[in-house]
Trainee: 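Sending over a structure as structure tokens; questions will come in a sec.
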Amino acid sequence: MSLVFAGICSHAPGITGRAHMAEPTAVKSLHAAYRSMSEQLKASRPDALVVIAAEHFANFFMSNMPSFAIGMADRYEGPIEDPQWLGIARTSVPGNADLSRRLIQEIMQSVDIAYAEEWKFDHGIMVPLHFLTPDYDLTIVPMNINCQGPPLTPLHRAWAFGEALRRAADTCSERIAILGTGGISHWPATPDSGKINETWDREFLRSWSANNKAALLAYNDTDTYREAGQGGFEIRTFISVSAAAKGLGSVHFYQPIPIFAVGCTIATMTITE
Amino acid sequence: MSLYSMQKFLFDLNRDPGVQALFRSAPGNVLDRYDLTREERAAIETHNIGLIYVLGANGQLLMHYAAYLGMPWPEYIAAMRNGVTQHGAVRAGIYAMTTDLNEKVANI
């Protein structure tokens with residue numbers, strides 16, 4: 001079997017932690033979009049969900065920062081954040097060390113990665129799971145691309161990572177779903193929080209939906225920092241999903257919600273051979 | 001090395017309940033483990049989010065630290081703006097402020 005689902009979504013902590021401060025209609029629409037994605041995910045009957053996230057120093061630090069890392073454990077825990085602040089209770093999430101090991105062994109044939117037998121989830125994974133698998137009953141394989149501690153993972157390597165993930169998934173008997181999480185333009189955790197470049201976001205989503213490799217890899221960190229903030233560096237996770245799925249994307253929801261600090265995004269991509 | 005050490009402290013604290021418990025009971029013992037300047041150590045000891053922001057801490061580390069302190073979101077945003085007002089522009093890192101000091105982004 002191979003991929004049975006591919007999608008991308010926002011993971012901003014404000015989505016759960018500051019829901020009470022947002023305009024209720026926007027929250028309702030966003031929650032409906034997450035619910036719809038959850039139903040699509042469930043309908044694909046996945047055995048495991050690979051979450052390609054941009055973590056925020058839950059596990060990796062500049063003491064030893066991998067470009068790519070993959071979890072290889074039977075259980076994970078999260079969130080590291082104060083549960084009341086995030087609006088998500090601390091919990092245990094099922095993994096599958098054997099599946100991780102097989103994916104890792106295949107991916108590392110072409111991309112140098114780190115693996116980790118312990119891994120704590122932060123909002124980058126917990127916020128999407130809160131909506132998509134609220135009972136935490138689906139096996140998760142966490143993967144991380146360094147979007148936080150410069151020098152960052154080059155975009156073309158994020159693409160290569162996605163291709164390697166696809167090749168690895170093709171070798172598995174399990175039905176694999178993949179999800180890229182992050183933001184497009186945003187300036188999170190700063191006094192700028194809430195600043196969103198909608199034009200930049202929509203242009204990126206057009207390229208992502210068309211799976212336009214040349215356009216996606218033409219972004220550079222200098223321009224992204226200026227036009228889309230440090231949060232824009234997280235496009236790496238979305239780009240890797242494009243490379244893995246090889247299909248065309250559909251944006252089901254996009255709406256800037258300033259108090260959530262991001263243009264909230266829910267999108268899926270067809271899976272092509 | 002010093003900014004690295006301050007961020008390493010935030011990293012260790014944010015993700016490890018054991019460090020959090022020790023920091024509550026004996027903060028000095030925890031901070032002794034890190035090669036901090038006097039300014040950095042004082043900023044941490046006084047929970048001075050604004051100064052830690054100006055010193056260049058990565059925003060994600062700082063945001064999680066503010067959450068650990070139980071700081072409501074509007075207070076966190078205000079603390080960073082106050083830090084820039086008092087101490088000047090962010091000195092390092094990729095989380096510099098790009099909006100005006102009096103700008104209300106997201107109505108905060």
Trainee: Between B:Ile108 and chain A, which part of the residue has a heavy atom less than 4.5 Å away: side chain, backbone, both or neither?
Mentor: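 Only the side chain of B:Ile108 comes within 4.5 Å of chain A.
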
Trainee: So what's closer than 4.5 Å to chain B heavy atoms on A:Phe260: side chain, backbone, both or neither?
Mentor: neither

Trainee: Could you go through B:Leu10 and A:Phe57, starting from their C-alpha distance and side-chain angles, then the distance that decides it, and tell me whether this counts as side-chain contact (heavy atoms from CB on, under 4.5 Å)?
Mentor: CA-CA 9 Å; B:Leu10 295 173; A:Phe57 304 108; over 6 Å; no

Trainee: Out of A:Pro258, A:Pro191, A:Gly194, A:Gly229, which one racks up the most heavy-atom pairs below 4.5 Å with chain B?
Mentor: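 Of the options given, most contacts go to A:Pro191.
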
Trainee: Given that the side chain runs from C-beta out, which part of A:Pro13 has a heavy atom under 4.5 Å from chain B: side chain, backbone, both or neither?
Mentor: side chain

Trainee: Heavy-atom cut-off 4.5 Å, strictly under: side chain, backbone, both or neither for B:Ala66 against chain A?
Mentor: neither

Trainee: Which donor-acceptor pairs lie under 3.5 Å between chain B and chain A?
Mentor:
| unit_1 | atom_1 | unit_2 | atom_2 | d |
| --- | --- | --- | --- | --- |
| B:Arg15 | O | A:Lys120 | NZ | 2.6 |
| B:Arg15 | NE | A:Ala58 | O | 2.4 |
| B:Arg15 | NH2 | A:Ala58 | O | 3.2 |
| B:Asn58 | ND2 | A:Gln148 | OE1 | 3.1 |
| B:His64 | NE2 | A:Glu81 | OE2 | 3.0 |
| B:His64 | NE2 | A:His123 | ND1 | 3.4 |
| B:Tyr76 | OH | A:Ala189 | O | 2.7 |
| B:Arg81 | NH2 | A:Pro191 | O | 3.1 |
| B:Ile94 | O | A:Tyr225 | OH | 3.0 |
| B:Ile94 | O | A:Gln230 | NE2 | 2.7 |
| B:Tyr95 | OH | A:Gln148 | OE1 | 3.0 |
| B:Tyr95 | OH | A:Gln148 | NE2 | 3.3 |
| B:Thr98 | N | A:Asp192 | OD1 | 3.1 |
| B:Thr98 | N | A:Asp192 | OD2 | 2.8 |
| B:Thr98 | OG1 | A:Asp192 | OD2 | 2.8 |
| B:Thr98 | OG1 | A:Lys195 | NZ | 2.7 |
| B:Thr99 | N | A:Asp192 | OD1 | 3.0 |
| B:Thr99 | OG1 | A:Asp192 | OD1 | 2.5 |

Trainee: Among the options B:Gly59, B:Ala67, B:Pro17, pick out the one with the most heavy-atom pairs lying under 4.5 Å from chain A.
Mentor: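 The option with the most such pairs is B:Ala67.
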
Trainee: Can you tell which part of B:Leu62 gets under 4.5 Å to a heavy atom of chain A, answering side chain, backbone, both or neither?
Mentor: neither

Trainee: For A:Ala114, which residues count as a side-chain contact (heavy atoms from CB on, under 4.5 Å) partner, sequence neighbours excluded?
Mentor: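 Here the qualifying residues are A:Pro66, A:Ala69.
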
